[in-house]
Amino acid sequence: QVQLVESGGGLVQPGGSLKLSCAASGSFYRINTMGWYRQAPGKQRELVAVITSADSTNYADSVKGRFTISGDNAKKTVYLQMNNLKPEDTAVYYCNLQGQRESFYANTNYWGKGTLVTVSS
């Protein structure tokens, strides 16, 4: 059984900071990427940031220079440091893991239940 559990969401004023954490349970043959997606009310889920097993990163243009993703595949953890938050960053943030539980399994997406980030004065 795979579970991804996020923490760290909450209410913050514009310009403030939050750090999200995600820990995955369950065994994996290979973890290819871990990352963060978000979904604002009335909008589709979108990529925020992703980190690969080789530690390369990719960010949405809207968060570049403000958010930093880090992680440890061996510990199955991923973090998102969010600085200079804006009201438009308000969304439910979901942790994502793409990996294989066994060598003969297909690469599969796993999701957390999400943590709410609200940026408001």
Side-chain angles (χ1 to χ4, degrees):
Q1 185 83 2
V2 175
Q3 282 191 315
L4 277 65
V5 179
E6 304 102 333
S7 61
L11 173 64
V12 64
Q13 292 187 341
S17 298
L18 281 176
K19 184 174 184 178
L20 305 183
S21 301
C22 173
S25 61
S27 63
F28 287 88
Y29 166 74
R30 177 184 292 139
I31 295 175
N32 293 308
T33 65
M34 293 190 75
W36 294 92
Y37 289 69
R38 67 186 181 187
Q39 187 166 18
K43 294 189 176 182
Q44 289 189 329
R45 191 174 296 189
E46 63 176 2
L47 171 72
V48 177
V50 65
I51 185 166
T52 73
S53 57
D55 285 338
S56 69
T57 57
N58 188 37
Y59 295 90
D61 287 343
S62 59
V63 307
K64 282 180 181 176
R66 301 188 297 121
F67 292 9
T68 303
I69 189 169
S70 60
D72 186 333
N73 273 8
K75 296 182 179 179
K76 293 175 287 187
T77 56
V78 65
Y79 307 95
L80 186 68
Q81 176 67 47
M82 305 185 293
N83 297 328
N84 190 22
L85 282 159
K86 304 176 180 180
E88 52 264 41
D89 295 317
T90 295
V92 177
Y93 284 69
Y94 296 91
C95 180
N96 172 265
L97 183 156
Q98 294 185 9
Q100 299 165 262
R101 300 212 67 193
E102 301 289 349
S103 61
F104 47 87
Y105 281 21
N107 193 32
T108 302
N109 270 310
Y110 299 90
W111 295 94
K113 293 183 178 180
T115 184
L116 177 62
V117 172
T118 302
V119 184
S120 175
S121 54

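All values reported here derive from a predicted model rather than from experimental measurement.
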Rounding to 0.5 Å, atoms OH (Y29) and CG (N107) come to a distance of 12.0 Å

Exceeds 12 heavy-atom contacts within 6.0 angstrom, atom CD of E88 | yes

Spacing of M34 atom CE and I51 atom CD1 [to the nearest 0.5 Å] = 9.5 Å

Residues two or more places apart in sequence or in another chain: which of them pass side-chain hydrogen bond (donor to acceptor under 3.5 Å, both in side chains) with K64?
-> D61

Is there a chain of hydrophobic side chains (I, L, V, M, F, W, Y, each step under 4.5 Å between heavy atoms) that links I69 to V117?
-> yes

Correct closest heavy-atom pair for P14 and S121 would be CD-N, 3.7 Å

With sequence neighbours excluded, tell me which residues meet side-chain hydrogen bond (donor to acceptor under 3.5 Å, both in side chains) with D72.
-> none

Would you say E6's side chain and K113's backbone share a donor-acceptor pair under 3.5 angstrom?
-> yes

How long is the gap from CZ on R30 to CG on N73, to the nearest 0.5 Å?
-> 11.0 Å

Atom pair OG (S62) and CG (L47), whose distance is rounded to the nearest 0.5 Å | 9.0 Å

Just do the side chain to side chain contact (heavy atoms under 4.5 Å, CB included) check on V50 and Y37 with the steps written out, would you?
-> CA-CA 9 Å; V50 65; Y37 289 69; 5.9 Å; no

Is M82 linked to V12 within one hydrophobic cluster, defined over Ile, Leu, Val, Met, Phe, Trp and Tyr using a side-chain heavy-atom separation of less than 4.5 Å?
-> yes

Heavy-atom neighbours of E46 CD exceed 12 at 6.0 Å = yes

Between CH2 of W36 and OH of Y79, what distance do you get to the nearest 0.5 Å?
-> 10.0 Å

Does the side chain of Q98 pick up a donor-acceptor pair with the side chain of N109 at under 3.5 Å?
-> yes

Not counting sequence neighbours, which residues clear side-chain hydrogen bond (donor to acceptor under 3.5 Å, both in side chains) with R66? List them please.
-> D89

Donor-acceptor pair, side chain of Q100 and main chain of Y105, under 3.5 angstrom | yes

Is the F28 ring parallel, tilted or perpendicular to the Y110 ring (thresholds 30°, 60°)?
-> perpendicular

Applying the side-chain contact (heavy atoms from CB on, under 4.5 Å) test to C22, which of N96, V78, L80, T115 qualifies?
-> V78

Any side-chain donor paired with an acceptor under 3.5 Å for N32 and S53?
-> no

Check whether L20 and L4 end up in the same hydrophobic cluster, where Ile, Leu, Val, Met, Phe, Trp and Tyr are linked by side-chain heavy atoms less than 4.5 Å apart.
-> yes

Rounded to the nearest 0.5 angstrom, the OG1-CG distance for T90 and L116 is 8.0 Å

K76 side chain vs G26 backbone, donor-acceptor pair below 3.5 Å = yes

Examine V92 and V119 and state if one hydrophobic cluster contains both, with Ile, Leu, Val, Met, Phe, Trp and Tyr joined whenever side-chain heavy atoms are less than 4.5 Å apart.
-> no

Shared hydrophobic cluster for V5 and Y93 (ILVMFWY, side-chain gaps under 4.5 Å) = no

Heavy-atom closest pair, residues S27 and R101 = O-NE, 3.0 Å

